[in-house]
Amino acid sequence: MASKKGNLSINSENMFPIIKKWLYSDHDIFYREVISNACDAITKIRKMDMMGEYELPEGFKPRVDIILNDKEKTIKIVDNGIGMTAEEVEEYINQVAFSGATDFLNKYKDKANADQIIGHFGLGFYSTFMVAENVDIDTLSYKSDAASVHWTCDGGSDFEMSDGDKTEVGTTITLHLSEDCLEFCNEYKAREVIQKYCSFMPYEIYLSRENEEGTETIKASEKLESDTVIEEVHPEKKEGEEEEPELQYKIKRRPQLLNDTHPLWAKTPKDCTDEEYKEFYRKVFRDYKEPLFWIHLNMDYPFNLKGILYFPKINMEFESIEGTIKLYNNQVFIADNIKEVIPEYLMLLKGVIDCPDLPLNVSRSALQNDGFVKKISEYISKKVAEKLAGLCKTDKENYDKYWDDISPFIKYGCLRDDKFCEKMTDYILFKNLDGKYLTTPEALQINKEAEEEAAKEEAVDENGNKVEAEVVDDAKTDSADSKADNKEEDKEPRTIYYVTDEQQQSQYINMFKAQKMEAFIMNHNIDVPFMEQLERKNEGIKFLRIDADLTDAFKSKTSKKAAKELEEQEKGLAEKIKKALKNDKLTVKLEKLKDKKVSSMLTVSEESRRMAEMMKMYAMNGMSMGDFGNEGQTLILNANHPLVQYVLENEDGANTRMICEQLYDLARIQNAPLEGEAMSKFVMRSNDIMMLLAK
């Protein structure tokens with residue numbers, strides 16, 4: 001075959017199947033497209049009036065009417081906009097994808113900028129063929145010498161164009177629906193779709209039924225010129241009324257107004273009241289629980305963006321939180337939760353964002369120009385962080401009240417956005433065991449005083465008696481040395497202690513409270529990854545669960561001699577405990593605790609426990625939490641407790657093994673619930689101990 005070159009042929013015959021099936025993901029979107037075009041036409045005629053090229057008739061009221069006829073299976077979209085001449089129909093309708101909006105903007109770009117043109121691509125009209133087997137256009141241009149035009153097409157490559165009989169300036173598009181799309185001329189379905197896409201379009205949109213038979217009764221004072229009066233109604237005077245009741249009219253049912261042409265986000269924040277914000281929230285999101293607070297976005301440079309973000313009550317499990325951010329382009333609804341524009345963590349909120357500068361694709365359902373969109377997303381994130389930080393600084397009392405509801409959102413934001421995390425770190429709150437909220441800097445400093453007080457306590461000897469200060473001269477020397485190295489100390493991370501289960505960890509909590517130390521409740525699913533994020537991003541922050549380590553604040557100070565003796569006893573005791581428990585991996589420490597009622601306690605290193613929890617979360621076979629927990633376990637025995645003293649003094653006693661096992665299980669039970677066989681053994685052993693007491 002000989003080599004051949006040429007041009008690909010694209011015409012309406014092979015374009016229409018593509019438009020019908022692939023241009024838009026949802027067929028109901030045709031309502032948005034034709035109503036947007038109608039609003040464009042009205043904007044254009046108003047511009048002509050502003051520029052003196054046309055004079056609007058007296059009393060002109062811009063409007064779009066949607067007229068349904070379920071018997072004829074038709075939908076009419078009527079506007080009183082600029083209309084089209086035969087040449088313009090030829091240019092804008094017969095030439096697929098030639099954008100009338102773009103052409104109009106180019107022609108008049110230097111003459112008027114008061115309003116925006118919604119359409120940009122010229123394909124919106126053809127979306128009607130997704131639902132209609134035949135489409136008619138009747139239009140009359142604003143131009144004085146223009147004649148009306150009638151155009152019809154069945155969605156193929158052929159159309160008919162002739163003189164029309166329209167007498168008023170504007171355009172009427174009539175859709176003859178396909179059998180599988182008749183739902184769109186149902187009044188309830190039409191209202192639902194139009195309110196979804198067009199609730200805030202700039203001109204009034206009315207819905208009615210052709211040959212309407214319904215009626216309504218109004219007061220005479222409410223009558224409009226457009227009302228069709230059927231009869232007068234004279235209400236009877238009720239007993240006790242002094243004045244005659246007002247005359248009423250029974251009228252043909254009025255078309256329903258479906259949109260709000262002045263949405264709240266388009267106003268300046270100072271002109272909006274709290275009640276208006278709440279009412280807008282109820283209306284748009286059908287949520288009758290009041291939002292906690294809101295952020296009104298209003299930006300003109302470097303791009304145009306307005307909107308309102310609401311913080312709803314979201315005090316629930318993280319996985320079940322679901323918000324809605326509605327994205328608009330010049331008051332035309334585009335979609336919910338577009339991730340390119342809305343930072344992912346803001347999806348937990350509810351709100352609206354209107355950005356006329358969005359670079360949309362031909363179907364307005366996806367975005368182009370990633371760099372520009374990213375700037376919009378970053379701006380939104382920045383404004384949210386600024387609002388939260390400002391609230392914490394100026395209205396801490398209310399910020400505290402909101403915290404439980406908004407903390408999952410903020411923590412998720414910190415995980416997903418490093419810049420947001422950086423801005424919010426100092427304004428993250430931690431709730432202590434008494435329900436008081438502290439900021440991150442406050443939480444880092446809160447235990448400093450308690451630790452300093454513990455450092456000042458006097459030492460005691462092996463019998464618990466206070467010893468003279470000179471016995472601990474080495475400690476003084478150490479203190480002096482540490483002062484000489486203050487700068488290095490300042491660099492060391494400070495610890496925030498936390499609790500995940502107040503009941504399970506109650507023994508540790510009591511010890512903390514006795515030493516006037518603070519721990520914070522971190523019991524949400526998101527808290528572990530959130531803590532790790534803060535540790536990675538902040539050199540001075542370290543998190544420890546209260547059962548992860550035993551600080552010096554809980555230990556009695558001892559003399560050097562007593563400490564050495566304790567160390568010697570610890571070696572023998574550790575061997576005895578490991579042998580009794582048959583557990584060589586266990587670390588055993590002997591300490592003199594201030595709380596003499598505590599016989600034993602278990603600590604599990606933070607790293608081991610986090611690893612165990614991670615493995616448990618991912619359900620890795622063969623790696624149970626116990627396998628990891630045992631690696632970092634330390635059994636701490638209180639040398640000040642009689643049971644521990646018994647074990648120390650009775651290495652081969654008849655009950656020593658049983659007491660060792662019980663001390664270990666008592667320590668474990670404070671740390672985590674005993675499982676299966678361990679619990680059974682603990683119960684049986686407890687019974688045996690009680691039998692010994694009963695003898």
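- In this structure a side-chain-to-backbone donor-acceptor pair under 3.5 Å is present from Q331 to F200.
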Trace of the ring pair (Phe, Tyr, Trp, His ring centres under 6.0 Å) decision for F543 with Y497: CA-CA 6 Å; F543 287 90; Y497 294 98; over 10 Å; no
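- Using a 30° and 60° split on the angle between ring planes, Y328 and W265 fall in the tilted class, from 30° to 60°.
- The backbone N or O of K189 lies less than 3.5 Å from a partner atom in the side chain of N186, making a donor-acceptor pair.
- Cation-pi geometry between R32 and F333 is not satisfied (NZ or CZ under 6.0 Å from the ring centre, within 45° of the ring normal).
- Looking at Q256 and S208, their side chains never bring a donor and an acceptor atom within 3.5 Å of each other.
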Start with the C-alpha distance between Y197 and D28, add both sets of side-chain angles, then the distance that settles side-chain hydrogen bond (donor to acceptor under 3.5 Å, both in side chains), and finish with yes or no. CA-CA 9 Å; Y197 291 112; D28 65 6; 2.9 Å; yes
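- Under a 3.5 Å cut-off, the side chain of Y399 and the backbone N or O of Y427 do form a donor-acceptor pair.
- Checked for salt-bridge contact, K382 and E386 meet the test: a charged N lies under 4.0 Å from a carboxylate O.
- Ring centers of F520 and Y498: at least 6.0 Å apart, outside the cut-off.
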Before you tell me yes or no, could you show the steps for L388 and Y402 under side chain to side chain contact (heavy atoms under 4.5 Å, CB included), namely the whole-Å CA-CA distance, both residues' side-chain angles and the distance that decides it to 0.1 Å? CA-CA 11 Å; L388 293 168; Y402 301 149; over 6 Å; no
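- Across L349 and Y310, no two heavy atoms sit closer than the pair CB-O, 3.4 Å.
- At distances below 3.5 Å, not a single donor-acceptor pair connects side-chain atoms of D336 with backbone N or O atoms of T324.
- For K61, the salt bridge (Lys or Arg N to Asp or Glu O under 4.0 Å) partners at least two apart in sequence or on another chain are E204.
- In terms of modelled atom types and a separation under 3.5 Å, the side chain of S381 and the main chain of D417 share no donor-acceptor contact.
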How far apart are the C-alpha atoms of D49 and K47, what are their side-chain angles, what is the distance that settles it, and do they pass the salt bridge (charged side-chain N to carboxylate O under 4.0 Å, His left out) test? CA-CA 5 Å; D49 178 67; K47 284 185 182 292; over 6 Å; no
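- Of all non-hydrogen atoms in I521 and N432, the two that sit nearest each other are CD1-O, 3.9 Å.
- Using a distance-only test at 3.5 Å, with no hydrogens or angles considered, a donor-acceptor pair links the side chain of D79 to the main chain of G81.
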Hey, mind stepping through N37 and Y92 against side chain to side chain contact (heavy atoms under 4.5 Å, CB included) and telling me if it holds? CA-CA 12 Å; N37 288 345; Y92 301 144; over 6 Å; no
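- Under the 3.5 Å distance criterion, the side-chain polar atoms of N330 are left unmatched by any main-chain donor or acceptor of V332.
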Would you sort out whether K283 and E276 count as a salt bridge (charged side-chain N to carboxylate O under 4.0 Å, His left out), showing the intermediate values? CA-CA 10 Å; K283 176 183 175 183; E276 285 177 321; over 6 Å; no
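- Contact between I380 and P343 at its shortest, heavy atoms only, is CG2-CD, 4.3 Å.
- Ring pair H296/Y277 is perpendicular by interplanar angle, where above 60° counts as perpendicular and below 30° as parallel.
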Full working for side chain to side chain contact (heavy atoms under 4.5 Å, CB included) between K350 and L309: CA-CA 6 Å; K350 295 181 180 180; L309 296 178; over 6 Å; no
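- Partners of Y437 according to the side-chain hydrogen bond (donor to acceptor under 3.5 Å, both in side chains) rule, which considers only residues two or more places apart in sequence or in another chain, are D404.
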Let's go through T43 and D40 carefully: what are the C-alpha distance in whole Å and the side-chain angles of both, what is the deciding distance for side-chain hydrogen bond (donor to acceptor under 3.5 Å, both in side chains) to 0.1 Å, and is it a yes or a no? CA-CA 5 Å; T43 297; D40 283 349; 5.2 Å; no
Please report the C-alpha distance between E222 and K219 in whole Å, then the side-chain angles of each, then the deciding distance to 0.1 Å, and finally whether the salt bridge (charged side-chain N to carboxylate O under 4.0 Å, His left out) criterion is met. CA-CA 5 Å; E222 297 172 348; K219 294 179 180 179; 5.2 Å; no
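- Looking at E246, its side chain does come within 3.5 Å of a backbone N or O of S221 through a donor-acceptor pair.
- The heavy-atom pair separating Y249 from V229 by the smallest distance is CD2-CG1, 3.8 Å.
- Side-chain N or O atoms of D426 include none that pairs as donor or acceptor with a backbone N or O of T439 at under 3.5 Å.
- The two atoms that bring R416 and Y345 nearest to each other are CB-CD2, 4.3 Å, heavy atoms only.
- Nearest heavy atom pair, residue Q533 against residue D418, reads NE2-OD1, 3.3 Å.
- For D271 (side chain) and K267 (main-chain N/O), no donor-acceptor pair under 3.5 Å exists by modelled atom type.
- A search for side-chain hydrogen bond (donor to acceptor under 3.5 Å, both in side chains) contacts involving K306 returns N298, not counting sequence neighbours.
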Would E422 and K537 count as a salt bridge (charged side-chain N to carboxylate O under 4.0 Å, His left out) here? Give the steps. CA-CA 8 Å; E422 186 179 328; K537 297 295 179 183; over 6 Å; no
